[in-house]
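Notes follow once the structure below has been shown.
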Amino acid sequence: MIEGDGVPATRPDAIELRAGALRLALRPDLGGSVAGLWHTGVPVLRSTEPALLANARDAASFPLVPYSNRIGFARFGWQGRDYTIRPDAGDAGPHALHGIGWQRAWQVVSANECEAVLRLAHVGDADWPFAFEATQSFVLTPEALSVELAIVNRADVVQPVGFGWHPYFPLRERSHLRAEVSERWDADQLQLPVRRVAQPGIDSAIARLNDDNVFDGWRGPAQIADETFALQLTSSENHLVVYTPQHRRYFCVEPVSHVNNAIQSADPLAHGLRALQPGESCRGWMKLDVGVV
């Protein structure tokens with residue numbers, strides 16, 4: 001079925017928000033993901049009409065919960081116990097990747113023209129042994145998209161928790177990133193962080209970057225600009241993952257709460273991971289301001 005303007009009709013399980021020239025499409029059934037964000041029909045994020053999105057890996061953005069990036073070799077020790085979880089089925093090698101939120105269907109709590117709330121209730125399984133509840137809240141205005149993520153520990157033990165967001169940006173001829181950061185974690189051949197080095201900010205054309213790194217000490221907005229948009233990405237969190245694959249037509253700038261593989265470090269909490277008591281919650285937010293060049 002095709003609507004009159006030539007855009008494929010949306011799925012009944014998709015949600016669309018509109019504010020001014022911005023349109024946001026969500027797929028709760030595909031990892032609570034953002035299918036697309038457009039300004040007057042032009043993609044702000046890498047965008048797919050919700051009826052055509054087949055999996056969360058191709059989404060415009062998806063939530064990272066209850067951890068960001070990789071857990072090395074899909075195993076970790078916590079509170080005196082050893083855990084093994086299921087590794088990623090894609091290209092992450094032997095590691096677990098991006099948590100489980102993006103792999104599960106989310107429930108729609110509420111939705112109207114400019115706001116939506118999604119919820120995920122996880123009971124604990126082979127992918128993550130601890131029960132938790134996560135809530136995503138989306139607010140669209142004519143100038144910006146805001147997303148809040150809240151996590152409640154529903155297990156009867158202390159749980160390690162991290163979170164973030166994984167937005168994909170279209171790579172255009174003049175795509176450029178500027179961000180104030182203080183340190184970069186260099187990774188080994190298996191993309192696990194091994195060494196922290198000084199990094200006096202990022203200010204470069206995306207075409208000149210070749211990053212798959214997490215950065216510490218992020219402050220102020222990350223400015224993402226090209227010949228079409230001038231975007232500002234801000235967050236409650238102070239870590240930033242930057243992924244600029246040379247063979248893709250996209251790049252990623254990801255606000256996250258902790259260093260990659262923090263759970264395997266000597267002091268996970270020093271690297272941003274939270275230790276939530278039973279019933280305790282934590283939350284964070286990101287905001288993408290959209291300006292037109």
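Annotation: side chain of V290 is not in contact with side chain of L145 (no heavy-atom distance under 4.5 Å). With a 4.5 Å cut-off on side-chain heavy atoms, I151 and P66 do not count as touching. Within the 4.5 Å cutoff, the side chain of S182 has no heavy atoms near those of the Q199 side chain. At a threshold of 4.5 Å between non-hydrogen side-chain atoms, the residues W218 and S235 count as touching. Counting only heavy atoms from C-beta outward, the side chains of L53 and S33 approach each other to under 4.5 Å. Residues V157 and F130 have side chains in contact (heavy-atom distance under 4.5 Å, counting atoms from C-beta outward). Taking the side chain as every heavy atom from C-beta outward, F138 and V147 approach each other to under 4.5 Å. Between V42 and T228, some side-chain heavy-atom pair lies under the 4.5 Å cut-off.
Under the 3.5 Å distance criterion, the side-chain polar atoms of D211 are left unmatched by any main-chain donor or acceptor of N213. No side-chain donor-acceptor contact under 3.5 Å links S204 to the backbone of I206. The closest donor-acceptor contact from the side chain of H95 to the backbone of A74 lies at 3.5 Å or more, if one exists at all.
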*Test R174 against D226 for salt bridge (Lys or Arg N to Asp or Glu O under 4.0 Å), laying out the working first.*
CA-CA 5 Å; R174 290 164 54 190; D226 56 35; over 6 Å; no

*Output, in order, the C-alpha distance, side-chain angles, deciding distance and verdict of side-chain contact (heavy atoms from CB on, under 4.5 Å) for F251 and I224.*
CA-CA 11 Å; F251 61 98; I224 302 163; 3.7 Å; yes

*asked:* Does N69 form a side-chain contact (heavy atoms from CB on, under 4.5 Å) with V214? I'd like the steps, not just the answer.
replied: CA-CA 9 Å; N69 207 267; V214 61; over 6 Å; no

_Between Y168 and V253, does the side-chain contact (heavy atoms from CB on, under 4.5 Å) criterion hold? Intermediate values first, please._
CA-CA 7 Å; Y168 291 77; V253 184; over 6 Å; no

*Give the C-alpha distance, both sets of side-chain angles, the deciding distance and a yes or no for salt bridge (Lys or Arg N to Asp or Glu O under 4.0 Å) between R274 and E237.*
CA-CA 12 Å; R274 272 82 158 176; E237 308 311 305; 3.4 Å; yes

*Could you go step by step and tell me if R104 and D29 meet the salt bridge (Lys or Arg N to Asp or Glu O under 4.0 Å) rule?*
CA-CA 7 Å; R104 307 298 171 91; D29 61 311; over 6 Å; no

*Test side-chain contact (heavy atoms from CB on, under 4.5 Å) applied to W285 and T234, step by step*: CA-CA 8 Å; W285 57 266; T234 52; 3.7 Å; yes

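Distance check: F215 CZ to W185 CH2 gives 13.0 Å after rounding to the nearest 0.5 Å. The distance from the CD atom of Q264 to the CZ atom of R70 is 12.5 Å, given to the nearest 0.5 Å. Between atom OG1 of residue T48 and atom CZ of residue R46 there is a gap of 7.0 Å, rounded to the nearest 0.5 Å. Rounding to the nearest 0.5 Å gives a distance of 7.0 Å between CH2 of W106 and OG1 of T135. To the nearest 0.5 Å, atom OG of residue S146 and atom CG of residue D289 are 7.5 Å apart. The CH2 atom of W165 sits 9.5 Å away from atom OG of S61, with the distance rounded to the nearest 0.5 Å.
No chain of hydrophobic side-chain contacts below 4.5 Å, direct or via other Ile, Leu, Val, Met, Phe, Trp or Tyr residues, connects L26 to L30. No path of Ile, Leu, Val, Met, Phe, Trp and Tyr side chains, each step under 4.5 Å between heavy atoms, connects L288 with V139, placing them in separate hydrophobic clusters. L149 and V108 fall within the same hydrophobic cluster, where Ile, Leu, Val, Met, Phe, Trp and Tyr residues are linked whenever their side-chain heavy atoms come under 4.5 Å apart, directly or through other members. Taken together through direct or relayed side-chain contacts under 4.5 Å among Ile, Leu, Val, Met, Phe, Trp and Tyr, F132 and V123 form parts of separate hydrophobic clusters. Hydrophobic clustering, with ILVMFWY side chains joined whenever heavy atoms are under 4.5 angstrom apart, keeps V256 apart from M286.
Ionic pairing of R172 and E227 is not present here: no N-O contact between side-chain nitrogen and carboxylate oxygen is shorter than 4.0 angstrom. Salt-bridge check for D186 with R195: passed, with a basic side-chain N closer than 4.0 Å to an acidic carboxylate O. The existence of a salt bridge linking D58 and R27 is excluded, since no basic side-chain nitrogen approaches an acidic carboxylate oxygen closer than 4.0 Å. The pair R57-D88 meets the salt-bridge criterion, since a charged nitrogen lies less than 4.0 angstrom from a carboxylate oxygen. Between R23 and E49 there is a salt bridge, since a side-chain N of the basic residue sits under 4.0 Å from a carboxylate O of the acidic one. A salt bridge between D216 and R196 is present, with a side-chain N of the basic residue lying under 4.0 Å from a carboxylate O of the acidic one. The existence of a salt bridge linking E148 and R283 is confirmed by a sub-4.0 Å separation between a basic side-chain nitrogen and an acidic carboxylate oxygen.
The closest side-chain donor-acceptor pair between N112 and E115, if any, does not fall under 3.5 angstrom. Side-chain atoms of D203 and H176 include a donor-acceptor pair closer than 3.5 Å. Side-chain atoms of Q159 and N153 form a donor-acceptor pair, as typed in the model, at a separation below 3.5 Å.
Closest heavy-atom contact between L140 and L37: CD1-CD1, 4.1 Å. Scanning all heavy atoms of the two residues, the minimum distance from V152 to G279 falls at CG1-O, 3.9 Å. Between I15 and P28 the shortest heavy-atom distance is CD1-CG, 3.9 Å. Of all non-hydrogen atoms in L97 and Y67, the two that sit nearest each other are N-OH, 3.7 Å. Counting all heavy atoms, side chain and backbone alike, G162 lies closest to L273 at N-CD1, 4.0 Å. Taking each heavy atom of A105 and L120 in turn, the nearest pair found is O-CD1, 3.6 Å.
In summary, the aromatic rings of H258 and H239 are positioned with their centroids too far apart to meet the 6.0 Å limit. Ring-centre distance between F76 and W128: below the 6.0 Å cut-off. Proximity of the aromatic rings of F169 and F229 is defined here by a centroid distance below 6.0 angstrom, and this criterion is not met. Side-chain rings of H98 and F62 approach one another, their centers coming within less than 6.0 Å.
Crowding of Q246 atom CD: a count of heavy atoms from other residues, nucleotides or ligands under 6.0 Å exceeding 12.
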